[in-house]
S.K.: 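Sharing a structure below in structure tokens format, with a few things to ask.
As the structure is a prediction and not an experimental result, all values here were calculated from the model.
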Amino acid sequence: MTNEKVWVGIDVSKKTFNAAIDLDGKIDTPKIRTCGKFDNSKNGVEKFFAWLGDNAEQIAGRQVCMLMEATGVYSRNLHAELLKAKGFIY
């Protein structure tokens with residue numbers, strides 16, 4: 001893994017969440033490369049992980065930093081699934 005960063009920004013609402021990947025790695029001047037919109041549900045989270053997998057070639061070997069707004073109950077499911085994916089128990 002290099003020191004290069006890939007930023008994944010996530011905006012969560014009650015019914016959906018949007019995600020964008022910035023492959024430029026500069027948070028102060030982002031250049032969004034791809035965006036996705038997902039249902040805020042278990043199925044939507046699975047599609048989000050698949051979408052990340054679809055972009056795996058572009059982010060391989062780089063540190064992936066995910067930024068997500070804290071929206072209380074609306075972001076809890078996604079937050080828990082992200083932690084589980086990294087081996088944490090939530």
Side-chain angles (χ1 to χ4, degrees):
M1 183 180 302
T2 69
N3 287 334
E4 291 182 52
K5 292 183 173 66
V6 174
W7 297 94
V8 179
I10 303 169
D11 180 44
V12 183
S13 66
K14 183 176 183 176
K15 295 183 180 182
T16 62
F17 65 94
N18 298 290
I21 297 176
D22 170 26
L23 296 175
D24 189 36
K26 298 176 183 174
I27 196 165
D28 56 338
T29 57
K31 293 181 182 173
I32 304 304
R33 301 291 185 222
T34 185
C35 299
K37 184 174 185 175
F38 310 92
D39 290 337
N40 193 356
S41 65
K42 179 92 171 155
N43 186 45
V45 173
E46 290 171 4
K47 288 182 179 181
F48 169 69
F49 283 131
W51 176 76
L52 287 175
D54 291 344
N55 290 284
E57 185 176 313
Q58 297 174 332
I59 62 178
R62 299 165 83 183
Q63 182 181 1
V64 178
C65 303
M66 294 199 185
L67 307 164
M68 179 174 60
E69 67 175 329
T71 54
V73 297
Y74 300 144
S75 60
R76 284 185 188 160
N77 182 48
L78 178 58
H79 183 237
E81 293 301 321
L82 290 170
L83 288 173
K84 285 183 204 173
K86 285 307 226 174
F88 292 95
I89 298 171
Y90 182 80

S.K.: Are the ring centres of Y74 and F17 closer than 6.0 Å?
M.R.: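 That pair fails the under 6.0 Å test.
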S.K.: How far does CD of E69 sit from OG of S75, to the nearest 0.5 angstrom?
M.R.: 7.5 Å
S.K.: Taking the side chain as C-beta and beyond, is there a heavy-atom pair between M68 and H79 under 4.5 Å?
M.R.: yes
S.K.: Could you go step by step and tell me if N77 and V45 meet the side-chain contact (heavy atoms from CB on, under 4.5 Å) rule?
M.R.: CA-CA 8 Å; N77 182 48; V45 173; 3.8 Å; yes
S.K.: Less than 4.5 Å apart, side chain to side chain, heavy atoms only: is that true for N40 and V12?
M.R.: yes
S.K.: Any donor-acceptor pair under 3.5 Å linking the side chain of N18 with the backbone of I10?
M.R.: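 No: the side chain of N18 does not pair with the backbone of I10.
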S.K.: So do V64 and V8 actually touch side chain to side chain, heavy atoms under 4.5 Å?
M.R.: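 They are in side-chain contact.
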S.K.: With the side chain counted from C-beta on, respond yes when W7 and K5 share a heavy-atom pair under 4.5 Å apart, and no when they do not.
M.R.: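 When only atoms from C-beta onward are counted, K5 and W7 do touch, with a gap below 4.5 Å.
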S.K.: State the CD1-CG distance between I21 and L52, to the nearest 0.5 angstrom.
M.R.: 5.5 Å
S.K.: So K15 and D39, do their side chains get closer than 4.5 Å, heavy atoms only?
M.R.: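 Answer no - side chains too far apart.
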S.K.: What is the distance from atom NZ of K42 to atom CD of E81, rounded to the nearest 0.5 Å?
M.R.: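 With rounding to 0.5 Å, NZ (K42) is 3.5 Å from CD (E81).
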S.K.: Are the side chains of F38 and N43 in touch, meaning some heavy atoms are under 4.5 Å apart?
M.R.: no
S.K.: How long is the gap from CH2 on W51 to SG on C35, to the nearest 0.5 Å?
M.R.: 7.0 Å
S.K.: Going through the checks in order, is the side-chain contact (heavy atoms from CB on, under 4.5 Å) test met by D54 and F49?
M.R.: CA-CA 9 Å; D54 291 344; F49 283 131; over 6 Å; no
